[in-house]
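Computed over heavy atoms, backbone and side chain alike; hydrogens, waters and symmetry mates excluded.
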Amino acid sequence: MTAKMTQTGDNESDGSSFDEKTTIVASEADDVLCDIVGGESSSLLIEKGKAAYGAVEMDEDGDGMLVDEEKEEEVTEYEYEAAIIQEALKNGQQAWTEEEENVVRRKTDIRVMVLACVMFFSLDLDRSNIQQVLSSDFLIDTRMSTDDYNIGQSLFLIFFLSLEVPSQLMNKRFGPERWLPTIMTAWGIVSTVQFLISSRPLFLFTRAALGFCEGGFVSGLAFYVSSFYKTDELSIRLSWIWATQAGTNVLSALMASGILLMTDVGSLKNWQWLLLLEGILTTGIGIATFFLIPSLKKPGIASTFTPREAAILRARVEHDDPSKKNQSSKDVGKRQTPGQIARSVFGALTDKYLAPVFLLGYIGFIPSVTLRYYFPINMRFLNFSTTTINLLIIPYALINIFMTTTFSRLSDYYRKKWVFAVLSAIWVFPNLIFLQYLPYSASRWWRFASYTWVLGYPYYQPILVSWVSANSNDPDRRALAQSLYNIAVQLGNLTAANVFRTDDAPYYHKGTYVLLALNIASMFLAFGISRYFMAENKRRDQVWEKMTELEREEYTAHSTDKGNVRLDFRLRI
């Protein structure tokens with residue numbers, strides 16, 4: 001066997017930093033792989049590797065080629081490659097090529113992101129299919145009223161929100177690769193059982209149980225995905241997940257249209273077939289995830305990656321954000337006392353650099369979510385048929401997918417977060433104005449167009465999630481912050497459900513004024529956050545510049561400051 005080593009000599013540079021290309025600065029990554037090499041120095045492992053793999057010979061191009069010799073068991077190929085990378089990092093040399101990094105990133109997209117999107121599809125399918133069965137005789141067959149349905153949905157949301165933090169603590173304790181498939185399988189089983197609903201008590205129980213199982217999944221999935229990517233790669237990847245949500249709305253509507261035609265199949269009613277078949281599908285996805293989900297804690301990660309690619313994957317992420325070193329540690333999270341948990345939650349909730357983003361997540365999406373909730377009601381008022389209403393969802397879903405992924409990609413490219421929140425709000429504003437002052441006599445298609453453009457807006461949720469992740473700078477704080485952020489968004493959804501009131505129907509002019517006010521407030525809030533972070537970074541720069549080199553080294557090595565308050569950390573804007 002021959003294996004190619006990374007050249008440790010100086011390479012020609014095109015002037016770009018390695019954050020954009022391939023160069024790595026050693027001073028920021030001295031300990032980035034110490035847990036991989038099991039506490040041994042990289043030079044010692046390299047010496048062991050030479051004994052295990054054979055002496056190193058140099059070819060004409062100066063590249064190290066390993067001679068074919070039998071490998072010893074004391075050093076794995078993964079550890080050897082990790083040690084070589086560590087040695088290059090310490091010497092400030094090129095540890096891998098741009099081509100190698102591109103290959104690793106592409107394989108990660110295929111191996112991690114495709115599965116993450118399928119996992120999110122499973123979530124959204126099970127939590128939204130109850131809305132589709134309402135177009136059948138579900139309420140009549142179960143002898144329930146719309147009030148009973150509303151109570152059930154409220155129970156779902158209450159349990160969904162209350163389990164956010166506990167679920168994320170379990171996610172951190174056992175690792176996403178164990179916890180996420182577990183709760184996915186659990187909610188798939190609960191979703192399947194829903195076909196047995198025959199009365200109000202079982203309906204309320206299954207809605208509460210579904211919220212119990214699904215709580216914390218969204219933030220847990222975001223935490224998991226963040227461990228595989230650098231900060232400036234995360235927004236676009238998260239946008240793929242939320243684009244899946246829009247795609248699920250389209251696909252589930254088409255699936256429901258077909259399944260609900262099964263009126264004379266067996267002894268089950270059409271809505272029972274819908275819940276049964278979709279429940280079996282999501283249970284199968286949950287079980288399969290146990291075997292398919294990659295783990296950054298395992299040296300090999302997955303058969304998709306070679307040992308060297310696995311070492312590069314881990315090193316590149318941890319160099320970009322050293323706090324992810326602990327996040328991907330082989331050791332599972334430690335048990336915490338209730339007091340420790342309470343202090344951790346309070347600390348994340350009152351984090352002065354994260355709380356403003358939580359607030360933006362709360363108010364920023366209320367205008368669009370309100371119109372999404374009332375889209376079917378308003379389209380029915382405009383005398384569109386049930387089938388037509390389902391089809392009218394597709395245009396805004398497709399626009400939303402395109403704009404969300406585009407904005408997220410631009411956010412990663414320009415390394416800016418706040419500006420895209422402002423631009424998204426600007427997108428919504430004129431369409432709300434148009435909807436508010438549209439004459440009653442106007443064609444129903446004009447009103448549909450206004451709804452479509454508002455709901456097709458660039459959904460900047462992925463950008464805010466990556467913003468929270470980037471500014472946490474601590475794995476424990478990152479896990480809790482993702483949960484608290486998602487709670488803020490869900491509370492915003494709850495608020496959105498109460499903006500339009502019955503006495504304001506059918507055009508909801510009072511409610512639309514509220515949406516306009518919130519829309520404008522989100523613009524100013526996003527801009528204010530950017531100024532706040534810029535001022536704080538400037539203050540840290542001034543303090544850092546006044547310190548001597550010895551003081552800086554002492555601070556880096558021994559300061560008790562943690563997370564995003566460290567003077568050597570700069571807030572992402």
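Heavy atoms of other residues, nucleotides or ligands lying less than 6.0 angstrom from CZ of F212 number 12 at most. Environment of CH2 in W453: sparse, with no more than 12 heavy atoms of neighbouring residues, nucleotides or ligands closer than 6.0 Å. Counting non-hydrogen atoms of neighbouring residues, nucleotides and ligands closer than 6.0 angstrom, the CZ atom of F381 exceeds 12 such neighbours. The 12-atom threshold is not exceeded at CZ of R409, counting heavy atoms of other residues, nucleotides or ligands nearer than 6.0 Å.
Cation-pi check for R444 over F384 is met; the charged atom lies under 6.0 angstrom from the ring centroid and within 45 degrees of its normal.
With hydrogens and angles ignored, the 3.5 Å screen pairs a side-chain donor or acceptor of N564 with a backbone N or O of N471. Here the side chain of D504 pairs a donor or acceptor atom with the backbone of G511 at under 3.5 angstrom. T192 contributes a side-chain N or O that, together with a main-chain N or O of G188, makes up a donor-acceptor pair within less than 3.5 Å. Between the side chain of Q272 and the backbone N or O of F195 there is at least one donor-acceptor pair closer than 3.5 Å. With hydrogens and angles ignored, the 3.5 Å screen pairs no side-chain donor or acceptor of D232 with any backbone N or O of D412.
In this structure, L281 CG and L277 CG are separated by 9.0 Å, a value rounded to the nearest 0.5 Å.
With Y374 as the fixed residue, the ring pair (Phe, Tyr, Trp, His ring centres under 6.0 Å) test singles out one of F500, Y451, Y507: F500. Residue R570 forms a side chain to side chain donor-acceptor pair (under 3.5 Å) with just one option from N537, D541, N473, and that option is D541. The residue from W187, F160, F223, W179 that alone fulfils the ring pair (Phe, Tyr, Trp, His ring centres under 6.0 Å) condition with F217 is W187. When each of D141, T142, N129 is tested with W271 by the rule side chain to side chain donor-acceptor pair (under 3.5 Å), just one qualifies, namely D141.
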request  = Go through the steps for Y459 and F365 under the test ring pair (Phe, Tyr, Trp, His ring centres under 6.0 Å), then give the verdict.
outcome  = CA-CA 8 Å; Y459 186 48; F365 307 116; 5.0 Å; yes
key: Candidate pair R477 and D351, rule salt bridge (charged side-chain N to carboxylate O under 4.0 Å, His left out), full reasoning   = CA-CA 9 Å; R477 178 58 55 85; D351 190 313; 2.8 Å; yes
ask   = Taking it one step at a time, do T289 and L180 satisfy side chain to side chain contact (heavy atoms under 4.5 Å, CB included)?
value = CA-CA 8 Å; T289 302; L180 295 182; 5.8 Å; no
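Here E233 pairs with R105 in a salt bridge; the nearest charged N to carboxylate O distance falls below 4.0 Å. Under the 4.0 Å criterion applied to side-chain N and carboxylate O atoms, D148 and R200 are assigned as salt-bridge partners.
In the model, S235 has a side-chain atom that pairs as donor or acceptor with a side-chain atom of K417 under 3.5 Å. Looking at S424 and Y460, their side chains never bring a donor and an acceptor atom within 3.5 Å of each other. Of the N and O atoms on the side chains of D126 and S191, at least one donor lies less than 3.5 Å from an acceptor on the other residue. Checked by atom type, the side-chain pair Y485/E164 shows no donor-acceptor distance below 3.5 Å.
Using a 30° and 60° split on the angle between ring planes, W242 and F120 fall in the tilted class, from 30° to 60°.
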